[in-house]
Amino acid sequence: MISDRSGRGLRVLTAANLIFVVGLWLIETFVAERHWLTTLITYMPQHWAVLPLLVLLPWALVRRSRRMIGWNLLAVCIFLFGLMGFSVPLRAPTGKSGQAVRIMTWNIHHASGGTENIMAVVEREHPDIVCFQEASDGRWQSTVLPELRKAFKGWHYSGFREVATFSRFPIIEERVHRLMPETGRVVLDTVVDAEGSPVMVWNIHLNVAVGGRSLRSGGLRGVPAYLRHTAAVRRDQMLDLDTILVAAPLVIVGDFNTPPRGCYYRRFASRHRDVFRHAGLGFGYTYPARRPLMRIDYVSADDDIRVRRCFVPKTTASDHRPVVADLVIPRKER
């Protein structure tokens, strides 16, 4: 009798948990930022959703129930790939030959960990193009940039406010596009001539919120309004990106403050290929640096750019970890 009740309980709880995990994935993919509560669920770390599986899968293994093991393993796959964003580079790199370029994007948090520690990571990873966000001391004021420019001696430089791009290759064009003027955020648009293979690089940093809003300022009652506000800000900034006319090949990098789920990410990734999802292995979490729980920093590239590899180096020189991508820029046709 006890065995029958135990088996029935396992089946019921397994079915309920599978429905829960699938439902959670559907909500985070297709509802997400459309409601403040689903925005909160989508943007928070997803680790908590594994808790029922830590009981159900061992339970199924002890009972040697192949069917329950199978259903729970299915829930594990949905959890890992759908909720946690685990990536496996299943496709071999394809595309035209061209110039190999290693690009790094990194929110350096005003170099609070020290310029020398930032440069140690750059020297270790040996990128050709480096895009920094929060490369300033505060509200656009910076003693950090002079230190960085001195450290990047011999490199080409373009910067505006708190975003800065350094390149071993010549920067032949530079422009600034404003994203919602009231936010103060911009697209730093540079065209880099990589040994005869020009590539447009956008360096961006999307807002969490604007207008002095904070998750702490309004208490619990202010949470719904704050979440609606922060979602609307990033929505409008991403829409602004689509209004800028560009020519391929294009690489977009930066701190998006957006996880790899939700409506906004799905819309952006449908237009601009997420390089880590294409060629990265693992979760690719970048924040917080000491114990990463989320992926909010990205490299994206046009389809005509070949992607060899994408990874997240381990470092605590900032509150974010950098993202590094090995790309092949197609030769310019003459």
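Along the sequence shown, residues carry numbers from 1.
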**Q** Can you name the side-chain contact (heavy atoms from CB on, under 4.5 Å) partners of P52, sequence neighbours left out?
**A** N17, L56
**Q** According to side-chain contact (heavy atoms from CB on, under 4.5 Å), who are the partners of E116, at least two apart in sequence or on a separate chain?
**A** none
**Q** Checking side-chain contact (heavy atoms from CB on, under 4.5 Å) between C310 and each of I103, L281, V323, which is the one that passes?
**A**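 By the side-chain contact (heavy atoms from CB on, under 4.5 Å) criterion, C310 pairs with just one of I103, L281, V323: V323.
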**Q** Under 3.5 Å, sequence neighbours excluded: what are the donor-acceptor pairs made by side chains of residues 284-293?
**A**
residue, atom, partner, partner atom, Å
Y285, OH, M84, O, 2.9
T286, OG1, I296, N, 3.4
T286, OG1, D297, OD2, 2.5

**Q** Less than 4.0 angstrom from a charged side-chain N to a carboxylate O is my criterion; do D326 and R102 meet it?
**A** yes
**Q** According to the side chain to side chain donor-acceptor pair (under 3.5 Å) rule, which pairs have a member within residues 239-259, sequence neighbours left out?
**A** N107-D255, H205-D255, R234-T258, D242-R267
**Q** Once side chain to side chain donor-acceptor pair (under 3.5 Å) is applied, what residue pairs with a partner in residues 46-58 remain, sequence neighbours excluded?
**A**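 Side chain to side chain donor-acceptor pair (under 3.5 Å) check on residues 46-58 returns E28-Q46.
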**Q** Side chain of R295, backbone of G85: donor and acceptor closer than 3.5 Å?
**A**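 Side chain of R295 to backbone of G85: no pair is present.
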**Q** Quick one: side chain to side chain donor-acceptor pair (under 3.5 Å) pairs with a partner in residues 163-181, sequence neighbours left out?
**A**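 Pairs touching residues 163-181 that pass the test: H126-R168, S158-E174, T165-N203, E173-R175, R175-D189, H177-D189.
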**Q** Kindly indicate whether a cation-pi arrangement holds for R309 with F311, taking the cut-offs as under 6.0 Å to the six-membered ring centre and within 45° of the axis.
**A** yes
**Q** Could you tell me how the ring of W155 sits relative to the ring of F152: parallel (under 30°), tilted (30 to 60°) or perpendicular (over 60°)?
**A** perpendicular
**Q** Could you tell me whether a side-chain N or O of R261 sits under 3.5 Å from a main-chain N or O of T42, the two making a donor and an acceptor?
**A** yes
**Q** Does the plane of the ring in Y157 sit parallel, tilted or perpendicular to the ring in F166? Use 30° and 60° as the thresholds.
**A** tilted
**Q** To the nearest 0.5 Å, how far apart are CD1 in I118 and OG1 in T315?
**A**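 Taking CD1 in I118 and OG1 in T315, the distance rounds to 7.0 Å.
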**Q** Under 3.5 Å, side chain of Q99 to main-chain N/O of G196, donor-acceptor pair present?
**A**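 No.
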